[in-house]
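For reference, the structure discussed in these notes is given below.
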Amino acid sequence: MAKVMLEVRELTTKYITRFREDVYAVDHVSLKVEEGKSLGIAGESGCGKSTLALSLMGYYFPPLHYTSGEIIIDGHTISGMNADDVRRSILGKEIAYIPQAAMNALNPTQKIIHFIEDVIQAHNPKTTKKEIYELARERFELLGLPASVLQRYPVELSGGMKQRTVIAVSVILGPKVLIADEPSSALDVTSQKMVIKMLRDLMEKGIIKSMIFITHELPLLYNVTDDIMVMYAGQIVEKAGAHKAVFDPLHPYSKGLMGSIIVPEQGLRNVKLTAIPGVPPNLKKPPSGCRFAERCQYAKPECKAISIGMRDVGEGRTYRCIFTEQELREVYKNA
Amino acid sequence: MKGYRKYFLNKLGWFAITFVFAFLLNFILPRLMPGDPVAAIVSRLAQGMSNTSGVQAIYQQYSDLFGTNKSLLEQFFIYIQNVAHGDFGFSFSQYPRTVADVIKASIWWTIALQFPAIIVGWLIGNTLGALAAYLKGGFDKVLMPVSIFVSNFPAFGMAVFFMVIFGVNLKWFPTSGGYGFDLIPSFSWNFIWSVIVHYQLPFWSIVVIAIGGQAIGMRSMSIYELNADYVKYSRFMGIKDRKIVGYVFRNAMLPQVTGLALSIGTMVGGALVAEIVFSYPGLGTTLLRAILGQDYPLISASTLIVTVMVLVANFIIEILYGFIDPRIKAVQSD
Ligand SMILES: Nc1ncnc2c1ncn2[C@@H]1O[C@H](COP(=O)(O)OP(=O)(O)OP(=O)(O)O)[C@@H](O)[C@H]1O
Ligand SMILES: [Mg+2]
């Protein structure tokens, strides 16, 4: 078995709002990503994908707060570490982040190269500007970005170029884990393709060792990642290999989600698109039972009463439901 | 750089056009005031004279001297010619002093009072505003209402307030003039000390108002910048908070620089009130006297100085801005 690059056990974090309300947006999330693998995270807007991405960094600042759980990167537990140590020896170096709306992630009044200098010197204060420039130029060219970008201000770059620049800057220190939050949303198709190709290159060229890719565009995940996790209301509801997750989902929510999208490949032309009725629960007071029960057409009274655990059906497949695999397949067939 | 040159020339063009109009208005507006200033001077000189034709002759002489018997258009061209040679003519109200003389004597007082006051107010205000945004909590909760209150205080109110509290009640500082009325300007310790003491009340009454306004602006700019995406991203790249705060304040500061330039440009007009309340011997007091005495040449020259200062400050800022802020440069070069 390959080395595990990122392991997360029962990670729980919450937002504390200005009005002192708690929002439980990441609730007992566990996951594993092996060396050379990528994991996709899907789920509808507001289910906590971005919050999970932030929580995985192990570096918390208001309004996000750590509650419990463990984050282990390449064998080192980073949860519970002193915040300044995390900043210096983990962020950017072991684990890096590409924010949602990466286009706005660069300081508008700073040249790209100066930001890179700040990033590298935050970790290795002794590196000279010349070394940094050489490293950056080499890395940018390896990733197909012109070196002239380094001397530009963010406003002088197009949206797609900015996005790719942010990605190149994020991985400048060669992190083991890259977390990309919707890196290609809000881009035109051509730029989107270039971004995806760049992420693939990062893995192939060994600049990063593993990746978590977050998006609401399922077809994209299916094409890019090895495994897919489906999130609902702050919890993982299903995890499986990409193909299984898309074409043979088990959890009723995943089933509904996959039914609401078009995956061009498999000739599903005459499949009716369905929408899931209802709205997700309020994360300030999540229900104690199954969080999807309210919207689930197969729900039984028990679903709302007892907390539902994950079921492991082997081959790396897990899902969170009161029904067994058999029972689920049975009801789906009759539907 | 080609785009930038176009930007520069464009700004220069606007600068020239604005200047011409301002120059025109500076000349015409004071002269539209009702009343005859020459008659006022003559009646002052001719006090006790009963000889009507003598008074008439004096009147004639002064009208010739000041050129008031010519048409406005003629006066204007003569005025342009003279100004081009740096000659602003005689002051009506303080005849036989020339306008240049009067202004030279007062402008340094104004600059020495307002320039440091504006800079100090700007620095303190911006620091406080930035700190309020960064520290939040109690500091912010106290500073903000105070700043809003203070910055909305009318200038004369603040000056009178300072005068009553620190001058009249506490008697810490003198309440009027630029130095003790019994002293003659000299480089003696006595005189310098008197200037310093007289400086305090007008100075702080201007500073306090400036602090309030700047702090409010800087606080909102900093809050906006602190929530910008690049702050979060920089944090997750492991950059130290201290450095990130540096980015934030630099960016928040850029719009504040415009504010600084404008208040330097408008310093004569803006804080004229403090000078008047404290009878400070600066341009503000001079301008007030000129208006009361219908002293056209002095009014025109004073307002011309104000105009030129505002225009130059604006111009410099717009040019500098293109260099400081790449966003503006990018827009301008398109
Ligand atoms: N700063 C915050 N303070 C309080 N609650 C927040 C904050 N940011 C997000 N939330 C809440 O946390 C939940 C999860 O938000 P999150 O941004 O993680 O969703 P998401 O899955 O990334 O959605 P999207 O697909 O729209 O990006 C939402 O209910 C949201 O209202
Ligand atoms: Mg999101």
Side-chain angles (χ1 to χ4, degrees), chain A residues 18 50 53-54 56-64 83-111 114-125 151-157 166 169-173 175 179 181, chain B residues 1-4 7 130 133-138 140-141 144 218 221-258 317 320-334:
Chain A
R18 281 188 300 144
S50 296
L54 300 180
L56 291 175
M57 304 298 293
Y59 189 68
Y60 306 96
F61 40 85
L64 188 61
D84 202 51
D85 291 339
V86 172
R87 182 192 64 70
R88 201 176 41 223
S89 58
I90 306 294
L91 296 181
K93 234 172 156 179
E94 300 286 305
I95 186 166
Y97 167 73
I98 303 170
Q100 190 165 355
M103 292 189 210
N104 310 324
L106 293 166
N107 177 359
T109 59
Q110 196 178 29
K111 282 187 183 167
H114 293 148
F115 182 61
I116 296 177
E117 283 165 9
D118 286 351
V119 169
I120 295 184
Q121 284 177 343
H123 303 279
N124 315 312
Q151 303 299 342
R152 296 284 175 84
Y153 288 100
V155 278
E156 298 169 332
L157 304 174
V166 170
V169 172
S170 292
V171 300
I172 200 85
L173 294 162
I179 297 176
D181 189 358
Chain B
M1 226 44 213
K2 197 161 151 258
Y4 197 71
Y7 170 65
Y134 187 65
L135 298 176
K136 302 187 192 114
D140 190 26
K141 287 210 175 72
M144 265 316 105
M218 185 62 180
M221 278 316 296
S222 302
I223 288 178
Y224 173 79
E225 289 287 337
L226 277 168
N227 288 314
D229 286 350
Y230 69 82
V231 171
K232 196 155 95 182
Y233 179 59
S234 304
R235 274 186 170 152
F236 280 131
M237 288 308 290
I239 292 175
K240 279 193 186 134
D241 265 13
R242 196 151 17 101
K243 186 135 228 161
I244 299 174
V245 168
Y247 300 164
V248 165
F249 293 149
R250 186 197 137 100
N251 292 350
M253 206 66 145
L254 291 174
Q256 297 295 100
V257 172
T258 320
I317 270 311
L320 276 187
Y321 227 83
F323 282 106
I324 317 174
D325 193 333
R327 286 168 291 192
I328 300 218
K329 190 154 68 187
V331 174
Q332 301 304 347
S333 330
D334 278 347

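What you see is a predicted model, and the numbers here were worked out from it, not measured in a lab. Letters A, B, ... mirror the listed sequences (proteins, then strands); counts begin at 1.
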Which bit of [X] is near chain A, if near means a heavy-atom gap under 4.5 Å: side chain, backbone, both or neither?
X         : answer
Ile244(B) : neither
Tyr233(B) : side chain
Arg235(B) : both
Lys240(B) : both

Give the member of Pro99(A), Pro154(A), Ala101(A), Ser170(A) that has the highest number of heavy-atom pairs under 4.5 Å with chain B.
-> Ser170(A)
Do you know which of Ile172(A), Asn107(A), Leu54(A), Asp84(A) has the most heavy-atom pairs with chain B at a distance under 4.5 angstrom?
-> Asn107(A)
Side chain, backbone, both or neither of [X] within contact of chain B (heavy atoms, under 4.5 Å):
X         : result
Ala102(A) : neither
Val86(A)  : neither
Ser89(A)  : neither
Leu173(A) : neither

Got more than 12 heavy atoms from elsewhere within 6.0 Å of OH, Tyr224(B)?
-> no
Approximate separation, where rounding is to 0.5 Å, of [X] [atom1] and [Y] [atom2]:
X         : Y         : atom1 : atom2 : result
Ile116(A) : Met237(B) : CD1   : CE    : 9.0 Å
Phe236(B) : Ile90(A)  : CZ    : CD1   : 13.5 Å
Thr109(A) : Met253(B) : OG1   : CE    : 12.5 Å
Leu106(A) : Ser234(B) : CG    : OG    : 8.0 Å

Can any side-chain N or O of His123(A) pair as donor or acceptor with the backbone N or O of Ile239(B) at less than 3.5 Å?
-> no
Might you point out which heavy atoms bring Asp229(B) and Asn104(A) nearest each other, and give the distance in Å?
-> CB-O, 3.4 Å
In terms of heavy-atom contacts, Ala122(A) and Gly238(B) come closest through CB-O, 3.4 Å
Let me see the working for Tyr230(B) and Gln110(A) under side chain to side chain contact (heavy atoms under 4.5 Å, CB included), right down to the final yes or no.
-> CA-CA 11 Å; Tyr230(B) 69 82; Gln110(A) 196 178 29; over 6 Å; no
